[in-house]
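Have a look at the structure below, then the notes.
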Amino acid sequence: MMRSFPLYTILLLCVCILLVDTFAFYWLKDIIQPFPPWAKNGIFITFWTFSAGLITSILLLKIRMNRIPVQRKYFWISSLYGLTVSSFLPKFIFVLAITILYLSQSVLSKAGSLIVVPVAGVLFGFLPFFVIINGIFRTLYRFKVHRLKVEFEDLPKPFNGLRIVHISDLHLGSFNYRYHILDRAIRIINQLEPDFIFFTGDLVNNFAWELKGWESTLYQLSAKRGKYAVLGNHDYGDYSQWESDEAKAENFEEIKYFFKKTGFSLLLNEAEVIEKEGAKIAIAGVENWGHPPFKQYGNLKKALKDILNIPFKILLSHDPTHWKEEVIHDTNIALTLSGHTHGMQAGIDLKNRKWSPIKYKYEHWAGLYEQGGQYLYVTRGLGWLGFPGRLGMRPEVTCLELRCDKNNR
């Protein structure tokens, strides 16, 4: 299923939670010193009851993991993940900030310390907490449309103004069968009236049973000229132990068949030629291609072998690292569409500023990139995995309008 952490790692996490809670409680006592005794006792009881309950739940989940039905594991893991992050991170920031303030004699005088503690407590404790809670309960499903116009020298004139909607990383198992949530995204996509809808992988977290009931939802996606998809690293069932190779293969076949049932053409290292008014473009799709530990199923040469004579090509490839390794310089593919990174589901995503810790792992992690006239667009993803929230990195629907170069219109 998901990556299984050894017991000693879980125990270390629990120790870290307990240590941070102890230090946070030490500073909390100073902040609530003016409170009446009944209020202080209530806060103390609530604080330690939550702390003990969280640690106990983490340990019980680890111990009983093999006894929990696989369909419920994602729910419990993501729920505890969210609780742990929303509890641990604000307390850690609070403890670190207050400690630095007290130790910094240039910032604090002894006379001012009693004033700074409560102010810093609110600023460095509650603010991160509210940001995380907002990311879990509000931002997670606030779908954002990114609209771009991109010009190409080799785009045939009949395709000028071609409108593409690009989505990726649905991870349907994480929605826990709440179909109505994704219905909102479907309406947004259909209102864009795209010529094509391209899906660039990670339909599920791991299992075909996650797809139960989703056929009617995704079948509603409407595109004038077609819907195309490729697979992502999570679609192969590689993150679970299987009873047999046959069971894994059956799971994989069910996932692939789901695309057919919902009207998508699944491109498995292959391509299709699209014709309009005598002009042609090609849409190629590769299976997942990535650096270890991600397996490389993709075969770009195989995907391109029948469309070498088509000047304008669009490539669907789940992992954006593929673009630098095999696409630019080695091919004449005009536009590559990828997902995979989720923008780490955390970062700064403003109009003129974009940043996330994921940039230190992936050179191309969100938005539009260009090199030598070849373009890559990496979507931030429509679903989520692991942490049940998005901190400043909203789920994305991308609308790309392809334009002929001004000299070629």
Side-chain angles (χ1 to χ4, degrees), residues 74 78-79 81-82 85-86 89-90 127-150 163-176 178-192 194 197-205 214 217-218 220-221 232 234 318-320 337-362 364-369 376-401:
Y74 284 115
S78 62
S79 297
Y81 194 169
V85 172
S86 59
L89 190 58
L127 184 58
F129 174 76
F130 287 127
V131 169
I132 293 171
I133 292 300
N134 181 71
I136 293 174
F137 292 102
R138 188 165 181 264
T139 309
L140 184 60
Y141 298 123
R142 284 187 64 214
F143 304 110
K144 181 178 181 180
V145 178
H146 291 252
R147 301 172 186 265
L148 299 93
K149 292 182 180 180
V150 187
R163 182 174 295 183
I164 292 169
V165 164
H166 174 207
I167 55 175
S168 189
D169 299 89
L170 277 173
H171 292 284
L172 289 176
S174 299
F175 282 84
N176 199 30
R178 290 171 292 178
Y179 308 108
H180 66 283
I181 294 176
L182 198 56
D183 283 340
R184 300 201 303 267
I186 301 296
R187 287 195 294 270
I188 291 170
I189 292 168
N190 288 342
Q191 287 170 2
L192 294 170
I197 294 175
F198 294 146
F199 175 74
T200 51
D202 278 3
L203 178 68
V204 297
N205 293 337
W214 287 105
T217 299
L218 294 184
Q220 294 175 49
L221 284 170
H234 280 268
H318 178 68
D319 193 318
L337 302 176
S338 300
H340 184 59
T341 71
H342 298 207
M344 201 177 173
Q345 295 173 210
I348 298 169
D349 196 8
L350 304 175
K351 186 174 182 180
N352 297 317
R353 181 156 178 78
K354 180 180 67 176
W355 179 88
S356 170
I358 199 69
K359 69 173 292 185
Y360 302 111
K361 181 176 181 180
Y362 292 97
H364 309 104
W365 59 273
L368 186 67
Y369 302 87
L376 165 70
Y377 190 87
V378 186
T379 174
R380 298 151 182 85
L382 197 57
W384 57 274
L385 181 69
F387 173 60
R390 281 181 171 266
L391 311 180
M393 198 65 60
R394 288 168 58 185
E396 175 178 350
V397 172
T398 311
C399 183
L400 291 162
E401 184 177 327

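Just so you know, these numbers use all the heavy atoms, side chains as well, and skip hydrogens, waters and symmetry mates.
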Notebook entry, point to check: Does a side-chain heavy-atom distance below 4.5 Å link Y369 with P320?
Noted result: no
Notebook entry, point to check: Around Y179, counting heavy atoms of other residues, nucleotides and ligands shown, do more than 12 lie under 6.0 Å from its OH?
Noted result: yes
Notebook entry, point to check: Which residues pass the side chain to side chain contact (heavy atoms under 4.5 Å, CB included) test with F130, sequence neighbours left out?
Noted result: F126
Checklist line | Side-chain heavy atoms of I189 within contact of V145, under 4.5 Å | finding: no
Notebook entry, point to check: So, does S356 use its side chain to make a donor-acceptor pair with the main chain of G347 at under 3.5 Å?
Noted result: no
Next item on the list: Sequence neighbours left out, what pairs pass salt bridge (charged side-chain N to carboxylate O under 4.0 Å, His left out) with at least one residue falling in residues 377-390?
Entry: D349-R380, R380-E396
Item checked: Residues in side chain to side chain donor-acceptor pair (under 3.5 Å) contact with E401, at least two apart in sequence or another chain -> R403
Check: Between F199 and L221, does a side-chain contact (heavy atoms from CB on, under 4.5 Å) hold up when you go through it step by step?
Finding: CA-CA 11 Å; F199 175 74; L221 284 170; over 6 Å; no
Notebook entry, point to check: How would you list, by chain and number, every residue that makes a side chain to side chain donor-acceptor pair (under 3.5 Å) with S86, sequence neighbours excluded?
Noted result: none
Item checked: Check against side-chain contact (heavy atoms from CB on, under 4.5 Å), I136 and V85 -> CA-CA 10 Å; I136 293 174; V85 172; over 6 Å; no
Margin query: If you apply the rule side-chain contact (heavy atoms from CB on, under 4.5 Å), what do you find for R147 with L192, and how did you get there?
Written below: CA-CA 10 Å; R147 301 172 186 265; L192 294 170; 3.6 Å; yes
Item checked: Residues that F129 engages under ring pair (Phe, Tyr, Trp, His ring centres under 6.0 Å), provided they are two or more places apart -> none
Next item on the list: Under the ring pair (Phe, Tyr, Trp, His ring centres under 6.0 Å) rule, collect the residues that match up with Y377, sequence neighbours excluded.
Entry: none
Check: With sequence neighbours left out, what residues match F387 under ring pair (Phe, Tyr, Trp, His ring centres under 6.0 Å)?
Finding: Y81
Notebook entry, point to check: For I181, what residues pass the side chain to side chain contact (heavy atoms under 4.5 Å, CB included) criterion, not counting sequence neighbours?
Noted result: Y141, F143, F175, R178, R184
Next item on the list: For the pair T379 and H146, evaluate side-chain contact (heavy atoms from CB on, under 4.5 Å) and give the outcome as yes or no after the intermediate values.
Entry: CA-CA 9 Å; T379 174; H146 291 252; over 6 Å; no
Notebook entry, point to check: Hey, which of T398, D169, L182 is the one that makes side chain to side chain contact (heavy atoms under 4.5 Å, CB included) with L382?
Noted result: L182
Check: Nearest 0.5 Å, what's the CD1-CG distance between I133 and L391?
Finding: 10.0 Å
Next item on the list: Could you tell me the separation between the CG atom of L385 and the CG atom of L170, rounded to the nearest 0.5 Å?
Entry: 12.5 Å
Notebook entry, point to check: Rounded to the nearest 0.5 Å, what separation is found between the CD atom of Q220 and the CG atom of D183?
Noted result: 5.5 Å
Next item on the list: List the atom of S338, the atom of H318, and the distance in Å for their closest heavy-atom pair.
Entry: CB-O, 3.5 Å
Check: Do L89 and P128 touch side chain to side chain, with heavy atoms closer than 4.5 Å?
Finding: no
Item checked: Under the side chain to side chain donor-acceptor pair (under 3.5 Å) test, residues paired with S168 that sit two or more places apart -> T200
Check: To the nearest 0.5 Å, what is the distance between NE2 (H166) and CG (L337)?
Finding: 5.0 Å
Item checked: Gap separating the CD1 atom of I167 from the SG atom of C399, nearest 0.5 angstrom -> 12.5 Å
Checklist line | ring pair (Phe, Tyr, Trp, His ring centres under 6.0 Å) involving H234 - partner list, sequence neighbours excluded | finding: H171, Y239
Item checked: Contact check, side chains of M344 and W365, non-hydrogen atoms, under 4.5 Å -> no
Note to self: I'd like to check the side chain to side chain donor-acceptor pair (under 3.5 Å) partners of T139; sequence neighbours left out, ordered by chain and number.
What the structure shows: N134
Next item on the list: Provide the closest heavy-atom pair for P194 versus V165 in the form atom of the first, atom of the second, distance.
Entry: CB-CG2, 3.6 Å
Item checked: Summary of salt bridge (charged side-chain N to carboxylate O under 4.0 Å, His left out) pairs that have at least one residue in residues 134-143, sequence neighbours excluded -> none
